[in-house]
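None of the values given here were measured: they were computed from a predicted structure. Naming: A, B, ... by sequence-line order, numbering from 1 per chain.
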2 protein chains.
Amino acid sequence: MAEDREVTIYDIAKYLNISAATVSRGLKNNPMISKQTRKKITDAATMLGYQSNTFASSLRSRQTLTLGVLVPRLNSHFMSSVLAGMENAANLHGYNLIIAQSLEDVDKEKRNVLTMYNKRVDGLLISLSANAVDIQHLEPFFKKQIPVVFFDRVHPHADSTSVGIDNYEAAYKITTHLISQGCKRIMHLGGNLLRNVYTDRFKGYKKALKDHRLLFVESLHLVSNLSEQAGTEAARYILDLPAAERPDAVFSANDTAAVYCMLALKAAGLRIPEDIAFAGFNNDPISKVIEPNLTTMNYSGEAIGNTAATYLINHLKGSTDLYATNAITLRADLVIRASSLKKDAAG
Amino acid sequence: MAEDREVTIYDIAKYLNISAATVSRGLKNNPMISKQTRKKITDAATMLGYQSNTFASSLRSRQTLTLGVLVPRLNSHFMSSVLAGMENAANLHGYNLIIAQSLEDVDKEKRNVLTMYNKRVDGLLISLSANAVDIQHLEPFFKKQIPVVFFDRVHPHADSTSVGIDNYEAAYKITTHLISQGCKRIMHLGGNLLRNVYTDRFKGYKKALKDHRLLFVESLHLVSNLSEQAGTEAARYILDLPAAERPDAVFSANDTAAVYCMLALKAAGLRIPEDIAFAGFNNDPISKVIEPNLTTMNYSGEAIGNTAATYLINHLKGSTDLYATNAITLRADLVIRASSLKKDAAG
DNA sequence: TAAAAAAATGCAATCGGTTACGTTTACTTG
DNA sequence: CAAGTAAACGTAACCGATTGCATTTTTTTA
């Protein structure tokens, strides 16, 4: 209890009758130190129970081997996959992750950004909160040339890179698929239009309609937070529509809303995909469980997280230049399942 | 680019012609400093764009306001809820979270524990990896009196607290429920028996059997990692059993295995719950989507995370004594859904 | 109003490593 | 074998904030 003092490199130095500088170098495998003394040092270190003090080191060397991760919410399947991917990459290269969530609140996001800055993270990985209008709050990072990588919910910026998928293209593909199944009145359940992921999906959807000479109908475009409840409410909305105005397909910007919408419509007696086809986005676990299985867009959160983190770390290590790359687009695949197969179902 | 130097308290001090000590105190709202100078200091700080350097502070003050979080896997619904709860609690009290995953590998867990120690986290929140036999690797923490809180997958230890649910009781309730529905041959899909959560569930299951004069049958107890694949394989196992030896109910230690087992059995033509009833554990989102909906044990990951973190922080702030409390048990509720309602289904 | 008490501020050591630069020791080479 | 080079190690000044103790300033009290 009393002897709370830490074992430091000075203790090792004294023990071996050498200088602390040598100990420091020896512990970091500096080639300047001879093999024998290096061995003596590491031996003495384990013997005395030495554990390096990271921030004493960070203070002097100006690097923390820590990355800041800022996400809207921690508890979604997609985000936890992203984190898993980041953690793998970080761990592999000796980095640690400080993780915080903004809960879709810009103010919290701002505070968290500052905390990350004060903790002097070597780089920042961020997915913007729903209502962040600009990235003014990231200025401290840009000013100090601390690399920032956006992922998923990105924001164009000259000095940073974005990692994600081509949401426009993906939505275009999905919508086209629905059209190819004979759907003519395709509804879109979209998210907050401040965020690229949702505007892009919306645009891809509209473009597909246009390219196939289908009219975009304002009343078939709902914006929500895409929660379970939002899905259920969308179903209510659909059921309340006059029969002639009802959609014959729904493309939801995420699987959660799609699934809960399906559940409610099924409960109301609609048949899927015969009466109304469905497509989601994310390939969430629930999409493989709902009946009929949900057609969706599959893309690996883990890959996004891994890529973003690896990229950031490579930049920090000097092997890649972050500022040269503006965006990294990962592949996303249309996974066709029963929920959208009108023709097969009919046949 | 050139002027990379940070703005420090010395810059503020020089600017105001006062000492750095006063600046330091002023910034921390030390009552020793007069109101006016305090204001001058904070004004100058924002004016000069000062941002405190956390680890210079940590080095001297010996506290990092950082908690280490070590989990088996980041990407599960339960775990991400736990993290969300922890982040809320931490953020509320000005703490940050360093998060790492062991991927069920003790060696990785050991390395991570050491990293956390080297980063001098103020406390550790840990859920053990599946194959950790002891907690020897936590010794550095115990030796230095750095508080450790176990959650979910806990391990008894005199100087630390565990936060979780009563798995024994919960499993007992679930099993009893199945029995009350008339099930007589109840299979158990269990997890690694090194971990309390799984042994306790197994024991609760056995006790319920015993209390209702049902025999525990070794062939109806499968141990696996409870993955999707494990669930599917369990179904195969069941289908390969002679008709007379088939279970009339399955109690799975998690929802994932339960759901994938159900899917496979349904595909093979079995009716649920008529031919075989099902109960899971976790109240995962998929349990509300599978048909029939899965009976399961609901307990809040968010509450577990929040409680564990709050408890740890209170201890750090001196308002509670961690060493006095040995375990905190949160409530878990049996959620009865169609997958286990034989009587109703039959009626 | 002088002395005592309280409040506000300054001094300087300290936390535990890192690193530029200087010094010693070992090894080459003409 | 002397001189020159390379390898190995030491000295000491940092990094930026905190804090025990001393000192100055202000307020209170006698």
Test side chain to side chain donor-acceptor pair (under 3.5 Å), reference Ser129(B), set Arg153(B), Glu109(B), Gln101(B), Arg73(B), output is Glu109(B)

Between Asn306(B), Thr161(B), Thr325(B), which is the residue that forms a side chain to side chain donor-acceptor pair (under 3.5 Å) with Tyr311(B)?
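It is Thr325(B); the other options fail the test.
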
What parts of residues 38-47 of chain B reach DNA chain C, counting only heavy atoms under 4.0 Å away?
none

Any Lys/Arg nitrogen of [X] or [Y] sitting under 4.0 Å from an Asp/Glu carboxylate oxygen of the other?
X: Glu104(B); Y: Arg195(B); result: no
X: Glu6(B); Y: Arg120(A); result: yes
X: Arg111(A); Y: Asp107(A); result: no

Output, in order, the C-alpha distance, side-chain angles, deciding distance and verdict of side chain to side chain contact (heavy atoms under 4.5 Å, CB included) for Thr64(B) and Asn96(B).
CA-CA 9 Å; Thr64(B) 55; Asn96(B) 280 106; over 6 Å; no

Could you check His157(B) against Phe142(B) for ring pair (Phe, Tyr, Trp, His ring centres under 6.0 Å), going step by step and ending with a plain yes or no?
CA-CA 10 Å; His157(B) 184 266; Phe142(B) 297 140; 3.6 Å; yes

[X] side chain near [N] phosphate (N/O to OP1/OP2, under 4.0 Å):
X: Ser58(A); N: dG17(C); answer: no
X: Arg62(B); N: dG16(C); answer: yes
X: Ser57(A); N: dT18(C); answer: yes
X: Arg60(A); N: dC15(C); answer: no
X: Thr37(A); N: dA8(D); answer: no
X: Ser24(A); N: dG16(C); answer: no

Among dG16(C), dG16(D), dA8(D), the nucleotide that comes nearest once only the side chain of Ser34(A) is considered:
dA8(D)

Rounded to the nearest angstrom, tell me the gap between atom [atom1] in [X] and atom [atom2] in [N].
X: Gln63(A); N: dC15(D); atom1: CD; atom2: P; value: 17 Å
X: Leu59(A); N: dC14(D); atom1: CG; atom2: C1'; value: 9 Å
X: Phe55(B); N: dC14(D); atom1: CZ; atom2: P; value: 19 Å
X: Ile33(A); N: dA7(D); atom1: CD1; atom2: P; value: 13 Å
X: Ile9(A); N: dT18(C); atom1: CD1; atom2: P; value: 6 Å
X: Glu6(B); N: dA17(D); atom1: CD; atom2: C1'; value: 12 Å
X: Arg120(B); N: dG16(C); atom1: CZ; atom2: P; value: 8 Å

Side chain of [X], backbone of [Y]: donor and acceptor closer than 3.5 Å?
X: Asn112(A); Y: Lys108(A); value: yes
X: Asn118(B); Y: Asn53(A); value: no
X: Thr22(A); Y: Ile18(A); value: no

With sequence neighbours excluded, residues passing ring-ring contact (aromatic ring centres under 6.0 Å, His included) with Tyr117(A):
Phe141(A)

Partner residues of Tyr10(A) under the ring-ring contact (aromatic ring centres under 6.0 Å, His included) criterion, sequence neighbours left out
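If we apply the ring-ring contact (aromatic ring centres under 6.0 Å, His included) test to Tyr10(A), skipping adjacent residues, there are no hits.
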
Dump every N/O contact between nucleotides 23-27 of chain D and the protein below 3.5 Å, one line per pair.
none

How far does the helix from dT1(C)-dA30(D) to dG30(C)-dC1(D) bend, going by the axes of its first and last five pairs, to the nearest 10°?
40°

If you restrict it to nitrogen or oxygen atoms, what contacts under 3.5 Å exist between nucleotides 10-12 of chain D and the protein, and what is each distance?
from, atom 1, to, atom 2, distance (Å)
dG10(D), OP1, Ser19(A), N, 3.4
dG10(D), OP2, Ser19(A), N, 2.9
dG10(D), OP2, Ser19(A), OG, 3.0
dG10(D), OP2, Thr22(A), OG1, 2.4
dG10(D), O6, Arg25(A), NH1, 3.2
dG10(D), O6, Arg25(A), NH2, 2.8

Comparing Lys28(A) and Ala56(B) on DNA chain C - which has the more 5′ nearest nucleotide:
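By nearest-heavy-atom nucleotide position, the 5'-most residue is Ala56(B).
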
Compare every heavy atom of Ser19(A) with every heavy atom of Ala13(A), then report the nearest pair and how far apart it is.
CB-C, 3.8 Å

Quick one: are Leu83(B) and Asn75(A) in side-chain contact, heavy atoms under 4.5 Å?
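The answer is no, as the side chains (C-beta and beyond) never meet within the 4.5 Å cut-off.
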
